[in-house]
There are 2 protein chains.
Amino acid sequence: MTQTPIDTSTEAPPGTPVRWLDAEQQVAWRALLTGTSVLFDALGRDLEHGAGLSLNEYEVLVRLSEAPGRVLRMSVLAEELVHSRSRLTHTISRMERAGLVSRCSSAQDGRGVDCMLTDAGRAQLEAAAPVHVASVRRRLVDVLTRDQLLALGAAFSQIDEEVRSHFG
Amino acid sequence: MTQTPIDTSTEAPPGTPVRWLDAEQQVAWRALLTGTSVLFDALGRDLEHGAGLSLNEYEVLVRLSEAPGRVLRMSVLAEELVHSRSRLTHTISRMERAGLVSRCSSAQDGRGVDCMLTDAGRAQLEAAAPVHVASVRRRLVDVLTRDQLLALGAAFSQIDEEVRSHFG
DNA sequence: CCTCATTACTACAACGTTCAACTACTCGTT
DNA sequence: AACGAGTAGTTGAACGTTGTAGTAATGAGG
């Protein structure tokens, strides 16, 4: 577990010393890696079984419900969800087929497409919300102290900022 | 995605005692949600561009390199990586085709299959490791204080433990 | 030594995501 | 007004993951 996978002496290319992680750092990083995987698996299962929605679909509904007029441009939605345009198009196509959202080309900009939350979509969201909130509490919020949760949020905000500052 | 109506007990009539998240909790949860997404996207990109491996494949190589004799049973590997058996079979099939691992049926238990790291796989891992460690440092470890990182690890350990205690 | 249950893995089909075109529209130039 | 550059969104193929069977080896009870 704390054993270095590779003999560092044979590893480092000459002239480029690699700053390996020490034991504590490695344990923390592994816990993060498997912990996020386990957490999101559980949240996804809970939501899927309890409300017939994937986490992605749920997030789409939430963002639309928060938007003025329950309408958002596809590009804005994609950016908020950190999804590719293509991915969002496919997701929205499925959700439109299911009657949760509807699309129409933007009046202001002929290139753009507005995505709107339908009444059925809003109903689905309202049914799903308590299930999802309970799940997030059970798996995450109620497992940690308030300070732990806020520290987690702060840490990921820093990480997010750093990544975006270096790319996209 | 089925049209099956939600059980009415999960439907929230006005006044149902749902313990919603307060503003701070919600901000933290959202930061975690998008932060992990942004982080793993970046780590995956870095590794893919720098060493031609996906994060999953890298993790497979790491686990095998740490195992005695560089051999692990498929089921053990699947459990360590928190992947379904099916998913691991596909991943290993691709990696075997690429020459990174090899499979042979276990001598001890005729039902089992042993997965072994090949020399080529080890070479690939040794080439990828410095790239990946640098990436993890840049995106995560060096962005946080040591205490922040350890706190993150501790929090996810707790979450992991909670989830597993309630399910599989 | 059958048989039935269990364990371990694979095969196939359905689904979601990514990548690389492609269409349609807008805006700044000339 | 017409061109070209840039932006917005869609499409389809390829790829990876998941879920549902299905096969093969093992082990316990009759």
Side-chain angles (χ1 to χ4, degrees), chain A residues 36-38 40-49 52-60 71-98 100-116 168, chain B residues 1-3 36-38 40-49 52-60 71-98 100-116 167-168:
Chain A
T36 51
S37 164
V38 165
F40 287 114
D41 270 18
L43 294 175
R45 258 200 323 271
D46 291 345
L47 188 57
E48 194 75 53
H49 292 177
L53 283 173
S54 72
L55 270 175
N56 281 340
E57 292 166 334
Y58 183 85
E59 279 304 306
V60 168
V71 172
L72 278 180
R73 284 283 285 277
M74 289 290 281
S75 53
V76 174
L77 199 45
E79 204 179 322
E80 283 193 15
L81 299 171
V82 199
H83 288 349
S84 69
R85 303 251 162 118
S86 175
R87 177 178 176 180
L88 184 65
T89 295
H90 288 300
T91 302
I92 295 297
S93 296
R94 286 188 296 270
M95 293 178 74
E96 191 174 36
R97 228 174 290 135
L100 302 177
V101 300
S102 66
R103 272 181 292 192
C104 58
S105 76
S106 167
Q108 294 83 24
D109 186 339
R111 295 169 298 182
V113 170
D114 283 337
C115 184
M116 194 178 66
Chain B
M1 279 293 242
T2 53
Q3 209 181 343
T36 50
S37 163
V38 164
F40 287 114
D41 270 18
L43 294 176
R45 258 201 323 272
D46 291 345
L47 189 56
E48 193 74 54
H49 291 178
L53 283 173
S54 73
L55 270 175
N56 282 340
E57 292 166 334
Y58 183 84
E59 278 305 307
V60 169
V71 172
L72 279 180
R73 285 284 281 278
M74 288 291 280
S75 54
V76 174
L77 199 45
E79 204 180 321
E80 284 193 15
L81 298 171
V82 199
H83 288 349
S84 69
R85 306 250 160 125
S86 180
R87 177 177 177 180
L88 185 65
T89 296
H90 287 299
T91 302
I92 294 298
S93 296
R94 286 188 295 273
M95 293 177 73
E96 191 174 36
R97 226 173 293 132
L100 302 177
V101 301
S102 65
R103 273 181 294 193
C104 58
S105 77
S106 167
Q108 295 82 22
D109 187 339
R111 296 171 296 183
V113 170
D114 283 338
C115 184
M116 192 178 69
F167 213 104

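A, B, ... follow the sequence lines: proteins, then strands. Residue 1 opens every chain. Basis for what follows: all heavy atoms, side chains included, without hydrogens, waters or symmetry-related copies.
The residue among A:Ser84 and A:Asp109 whose nearest nucleotide of DNA chain C lies closer to the 5′ end is A:Ser84. Nearer the 5' end of DNA chain C, as judged by each residue's closest nucleotide, is the contact made by B:Asp114, out of A:Asn56 and B:Asp114.
Between the side chain of A:Ser86 and the base of D:dT11, at least one donor-acceptor pair of N or O atoms lies under 3.5 Å. Taking 3.5 Å as the limit, the base of D:dT18 and the side chain of B:His90 contain a donor-acceptor pair of atoms between them.
For A:Met74 and D:dA8, the CE to C1' distance is 10 Å, given to the nearest whole Å. Between A:Glu59 atom CD and C:dG16 atom C1' the separation is 17 Å, expressed in whole Å. When rounded to the nearest whole Å, the span between CG of A:Leu88 and P of C:dC19 equals 16 Å. Rounded to whole Å, the distance from CD on A:Gln108 to P on D:dG9 is 12 Å. With rounding to whole Å, A:Arg87 atom CZ is found 18 Å from D:dT11 atom C1'. The distance from atom CD1 of B:Ile92 to atom P of D:dT17 is 11 Å, rounded to the nearest whole Å. The separation between B:Arg85 atom CZ and C:dT7 atom C1' is 8 Å, rounded to whole Å. The interatomic distance linking B:Arg45 (CZ) with C:dC19 (C1') rounds to 15 Å, in whole Å.
Side chains of A:Asp114 and A:Ser106 form a contact here, defined as non-hydrogen atoms less than 4.5 Å apart. With contacts defined as side-chain heavy-atom distances shorter than 4.5 Å, the pair A:Ser75/A:Glu79 does not qualify. Side-chain contact between A:Glu57 and A:Leu100: absent, with no pair of heavy atoms (C-beta onward) separated by less than 4.5 Å. Between B:Arg94 and B:Arg97 there is a side-chain heavy-atom pair separated by less than 4.5 Å.
B:Ser75 has a side-chain polar atom (N or O) that falls below the 4.0 Å cut-off from OP1 or OP2 of C:dC9. In this model, the phosphate group of D:dG16 is approached by a side-chain N or O of B:Arg94 to a distance below 4.0 Å at OP1 or OP2. Listed pair A:Arg73 / D:dG9 meets the phosphate criterion, a side-chain N or O lying under 4.0 Å from OP1 or OP2. Applying the 4.0 Å criterion to OP1 and OP2 of D:dT17, one finds that B:Thr91 has a side-chain N or O inside that range. Proximity of A:Arg103 to the phosphate of D:dG9: no side-chain N or O atom is located under 4.0 Å from OP1 or OP2.
A:Ser93 meets the side-chain hydrogen bond (donor to acceptor under 3.5 Å, both in side chains) test with A:Arg103; sequence neighbours excluded.
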